[in-house]
Amino acid sequence: MKHVSIPRPSGYDEMLNPEARVREHYGSYWNWLVRQPASLVERKRKEAELLFHRVGITFNVYGEAKGRERLIPFDTLPRIIPASEWHALEIGIRQRVEALNLFLHDIYHDQAIIKAGLIPAEQILGNAQYQKCMEGVDLPNSVYSHISGVDLIKDGNGTWFVLEDNLRTPSGVSYMIENRRMMMRLFPELFADHLVAPVDHYPSLLLQTLKESAHHADAHVVVLTPGRYNSAYFEHAFLAQQMGVELVEGADLFTKDDMVYMRTTAGPQKVDVIYRRVDDAYLDPTTFREDSTLGVPGLINAYRAGNVSISNAVGTGVADDKSIYPYVPDMIRFYLDQDPILQNVPTWQCRDKKSLDHVLTNLHELVVKEVHGAGGYGMLIGPTASKDEIERFRALLKKNPDHYIAQPTLSLSTCPIFTAQGIAPRHIDLRPYVLSGREIRMASGGLTRVAMQEGSLIVNSSQGGGTKDTWVLEADDVK
Amino acid sequence: MLSRTASELYWLSRYLERAENTARMLDVAWHLSMIPFSITARDEIAATLIISGCMEDYEERYGAVQVHNVLHFFTLDDENPVSIYNCIRCARENAHAVRGRITAEMWESINSTWIELQEMKQMGLLTIGASDFFDWVKNRSHLYRGATYGTIMRNDAFRFLRVGTFVERADNTARILDVKHQISDVAGNAAVEYYRWSALLRSVGAYEAYREIYSDSITTENVAELLILSAEVPRSLRACMQMLCELLPAIEGDAGKNAKRLAAVQYARLQYGDVRHIFDLGLHEFLTDFLRRISELAEEINREFLEVTK
């Protein structure tokens with residue numbers, strides 16, 4: 001691959017500087033790449049696809065035939081983050097998650113932040129994700145979001161921004177681990193040349209965090225899945241296996257005298273910690289949705305009695321709601337008395353009349369998101385939207401302004417991928433996973449998602465996004 | 001172990017064992033149907049429908065018994081719930097549900113079998129060739145068994161997998177023997193009889209065992225003795241029951257008294273059984289009784305270990 005030509009990046013590119021020269025932290029990788037035969041990339045891509053299929057690293061797509069499985073496109077050109085850059089980023093992420101957990105504890109206890117007038121009461125108490133049943137419930141270490149996924153992007157100047165916080169059941173961590181395993185299998189020699197921070201120990205960090213969320217030592221942990229047709233089933237099974245704990249469905253559990261048990265071949269066995277991958281609304285048909293068959297009747301009573309821990313806690317959704325997101329920098333100042341290290345993307349809350357007017361006038365330049373939306377569904381990207389689409393959103397905004405926020409269209413940094421036509425830049429984001437127990441733990445890096453279509457800004461796997469391995473270098477000076 | 005997990009593992013094994021036995025049974029019938037002096041080629045093929053109890057299903061959909069239709073019905077027909085295609089699909093779905101409890105190599109073996117099978121379904125049995133397909137099924141089954149034996153921990157997961165295998169195998173061996181015995185009654189041509197019994201022995205992989213133990217011409221009594229009472233032949237009824245008697249009590253906890261008792265009683269009957277008594281009673285009667293007992297045992301295993309409801 002002697003003559004690799006890459007177009008000059010139009011925005012911020014992770015590998016190339018504005019003069020289309022390879023950035024220092026990619027130097028060693030680049031030296032390796034140009035020495036490889038041109039056929040290598042395609043061969044390795046096919047090999048990866050075969051391996052992913054054989055291992056069954058797939059996800060199910062809603063709206064398609066039941067049980068239909070797909071592969072998430074995987075690109076073998078790693079996204080590399082220098083040690084110093086990661087170090088600064090990690091401090092900012094930890095600060096943010098710490099504040100969010102303090103916020104959750106506060107709103108279900110003293111509500112100091114409301115009393116201080118920082119956030120209007122109705123925006124918290126009137127939020128559909130606010131769970132009244134959690135008021136006054138004390139949790140071990142006062143931690144609510146044991147597993148947080150913080151979505152980060154870089155803008156055109158290379159500045160990091162937090163796009164959103166995921167505090168309910170953030171998914172994708174299995175791809176972080178499997179992508180690394182795949183890269184080590186495909187290109188073992190690369191890992192001899194680069195000191196890449198490991199991510200494989202994430203499941204043991206997760207298990208430790210889950211055990212710490214229990215009310216007593218020697219906790220018996222299970223993973224609760226909605227079942228094999230859930231889009232993230234592979235991940236549920238993967239994490240249970242990697243932690244060496246049972247993967248259960250709602251019907252496998254039952255409650256008796258406010259205790260939770262699982263049905264085993266040797267009789268009932270007590271359960272202390274449930275790492276649930278089921279939404280709040282489906283957890284307990286006697287408390288939430290009556291029609292839920294995914295949950296466990298009586299679970300919330302057992303939870304409130306302190307006989308079982310649920311991770312993440314019930315009611316965390318209020319803190320990662322897009323209408324609460326604009327207040328996170330204020331939370332950091334309020335609870336930690338620190339300046340926020342990571343910036344929020346400027347956000348207009350359409351519930352506010354002035355903001356709404358601004359948004360309606362500038363729809364063609366903005367990104368509009370549903371406050372409760374996720375997965376890249378129900379959003380408008382102004383600059384690429386058709387006139388009809390813009391008008392449709394204008395009507396939606398006028399009808400239900402409370403349901404929407406708007407943000408400027410950030411350019412999102414790019415990282416090159418291998419395409420059939422050669423190396424080409426694609427937009428990416430980054431989701432690091434943050435574990436909060438007695439202390440905060442992280443595996444370096446996270447999941448890098450890639451918008452596989454040229455120019456696209458949508459990285460969600462449900463919308464055809466792909467992934468890359470994310471390398472955090474252990475030292476800045478690469479060979 | 002979680003009851004649901006145990007159930008998925010148990011059925012995973014049963015489906016794979018059934019797929020393998022179906023391939024064995026068909027392979028034999030297919031070969032026999034091509035023997036020139038076999039008067040009723042269709043009888044051999046029809047027998048497979050009787051063995052598996054799906055004559056009605058077949059006739060409803062295909063009408064008269066025709067070799068290629070029956071082969072399709074049992075192999076790649078996705079509307080027949082007991083076709084090899086559906087057995088492997090179900091096994092793979094169960095494996096998917098418990099992939100955290102089986103090893104990566106077991107999962108990869110089942111999953112790649114399923115992926116290849118879908119390609120084969122596109123090609124159709126005529127293109128692949130029936131014999132090649134049966135060999136493929138047997139080979140995939142061997143591979144899976146090897147991956148299982150070579151990698152999984154010897155814990156309850158392993159035991160429930162094995163319990164499923166032997167319940168299914170005992171049932172299948174008894175059925176193959178029963179139907180072959182009934183067909184051979186109506187025939188009577190000595191040469192055809194010889195081919196029939198030797199083909200049956202080959203179908204359960206016991207031809208060499210027969211030669212070694214009896215070193216004699218093949219007779220109904222000897223074949224029955226070998227496949228019912230022999231402790232050395234791994235697909236015999238006795239061997240299956242012996243395994244069940246070892247596996248069930250080894251499962252952790254005190255559950256399953258009825259299943260353990262039924263298995264022990266049945267094993268004792270075979271361990272101390274005599275082929276002359278079996279023939280005094282009538283082979284068909286003996287096998288019918290055995291099948292009833294196996295299904296009773298399967299029900300108890302289900303009730304005492306596997307059911308999700310309390």
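Protein chains get the first letters and strands the later ones, always in sequence-line order, with residue 1 at the start of each. These figures come from a predicted structure and were not determined experimentally.
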Could you tell me which portion of B/Thr5 (side chain, backbone, both or neither) has an atom closer than 4.5 angstrom to a non-hydrogen atom of chain A?
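Just the side chain, heavy atoms under 4.5 Å.
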
Counterpart residues, ring pair (Phe, Tyr, Trp, His ring centres under 6.0 Å), relative to B/Tyr15 (two or more places apart)
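In terms of ring pair (Phe, Tyr, Trp, His ring centres under 6.0 Å), with neighbours along the sequence ignored, B/Tyr15 is linked to B/Trp11.
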
Nearest 0.5 Å, what's the CE-CD distance between B/Met1 and A/Gln269?
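One finds 11.0 Å between CE of B/Met1 and CD of A/Gln269.
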
Rounded distance (nearest 0.5 Å) linking atom OH of A/Tyr233 with atom CZ of B/Arg99
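That separation rounds to 8.5 Å.
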
Would you find more than 12 non-hydrogen atoms of other residues, nucleotides or ligands less than 6.0 Å from A/Asp218 atom CG?
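No, because the 6.0 Å sphere around CG of A/Asp218 holds 12 heavy atoms or fewer from other groups.
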
Would one find more than 12 heavy atoms of other residues, nucleotides or ligands at under 6.0 Å from atom CZ of A/Arg185?
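No, because the 6.0 Å sphere around CZ of A/Arg185 holds 12 heavy atoms or fewer from other groups.
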
Is it the backbone or the side chain of B/Leu2 that comes under 4.5 Å from a heavy atom of chain A, or both, or neither?
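Its backbone and side chain both get close to chain A.
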
Counting only heavy atoms from other residues, nucleotides and ligands, does the tally under 6.0 Å from CG of B/Asp78 exceed 12?
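Yes, the 6.0 Å shell around CG holds more than 12 heavy atoms from other groups.
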
Using every non-hydrogen atom in the two residues, find where B/Gly253 and A/Ala266 come nearest and quote the distance to one decimal.
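Heavy atoms of B/Gly253 and A/Ala266 come nearest at CA-CB, 3.9 Å.
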
To the nearest 0.5 Å, tell me how far B/Ile102 CD1 sits from A/Gln241 CD.
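CD of A/Gln241 is found 8.5 Å from CD1 of B/Ile102.
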
Mark yes when over 12 heavy atoms from residues, nucleotides or ligands other than A/Lys270 sit less than 6.0 Å from its NZ; otherwise mark no.
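Counting neighbours around NZ of A/Lys270, more than 12 heavy atoms of other residues, nucleotides or ligands fall under 6.0 Å, so yes.
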
Rounded to the nearest 0.5 Å, what separates atom CD in B/Glu93 from atom CZ in A/Arg228?
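If we round to the nearest 0.5 Å, B/Glu93:CD and A/Arg228:CZ are 6.0 Å apart.
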
Residue A/Gln242 excluded, over 12 heavy atoms near CD under 6.0 Å
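Correct, the count exceeds 12.
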
Between B/Glu8 and chain A, which part of the residue has a heavy atom less than 4.5 Å away: side chain, backbone, both or neither?
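Contact with chain A is through the side chain of B/Glu8 alone.
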
Does anything in residues 200-217 of chain A form a salt bridge (Lys or Arg N to Asp or Glu O under 4.0 Å)? List the pairs, not counting sequence neighbours.
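Salt bridge (Lys or Arg N to Asp or Glu O under 4.0 Å) check on residues 200-217 of chain A returns A/Arg181-A/Asp200, A/Glu212-A/Arg438, A/Glu212-A/Arg441.
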
Between B/His96 and A/Phe234, ring centroids under 6.0 Å
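B/His96 vs A/Phe234: aromatic centres not under 6.0 Å.
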
Tell me, for A/Val223 versus chain B, whether the close heavy atoms (under 4.5 Å) come from the side chain, the backbone, both or neither.
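Nothing of A/Val223, per the 4.5 Å heavy-atom cut-off to chain B.
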
Rounded distance (nearest 0.5 Å) linking atom OH of B/Tyr10 with atom OG1 of A/Thr265
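Interatomic distance, B/Tyr10 OH to A/Thr265 OG1, rounded to 0.5 Å: 14.0 Å.
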
Any salt bridge between A/Glu246 and B/Arg101, counting N to O under 4.0 Å?
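Salt bridge flag = yes for B/Arg101 with A/Glu246.
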
Which residues, numbered in order, of residues 278-288 of chain A come under 4.5 angstrom of chain B by heavy-atom distance?
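Result: none.
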
Qualifying residues under side-chain hydrogen bond (donor to acceptor under 3.5 Å, both in side chains), relative to B/Glu252, sequence neighbours excluded
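side-chain hydrogen bond (donor to acceptor under 3.5 Å, both in side chains) list for B/Glu252, sorted by chain: empty.
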
Is A/Ala237 in contact with chain B via its backbone, its side chain, both, or neither, using a 4.5 Å heavy-atom distance?
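Both parts, backbone and side chain.
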
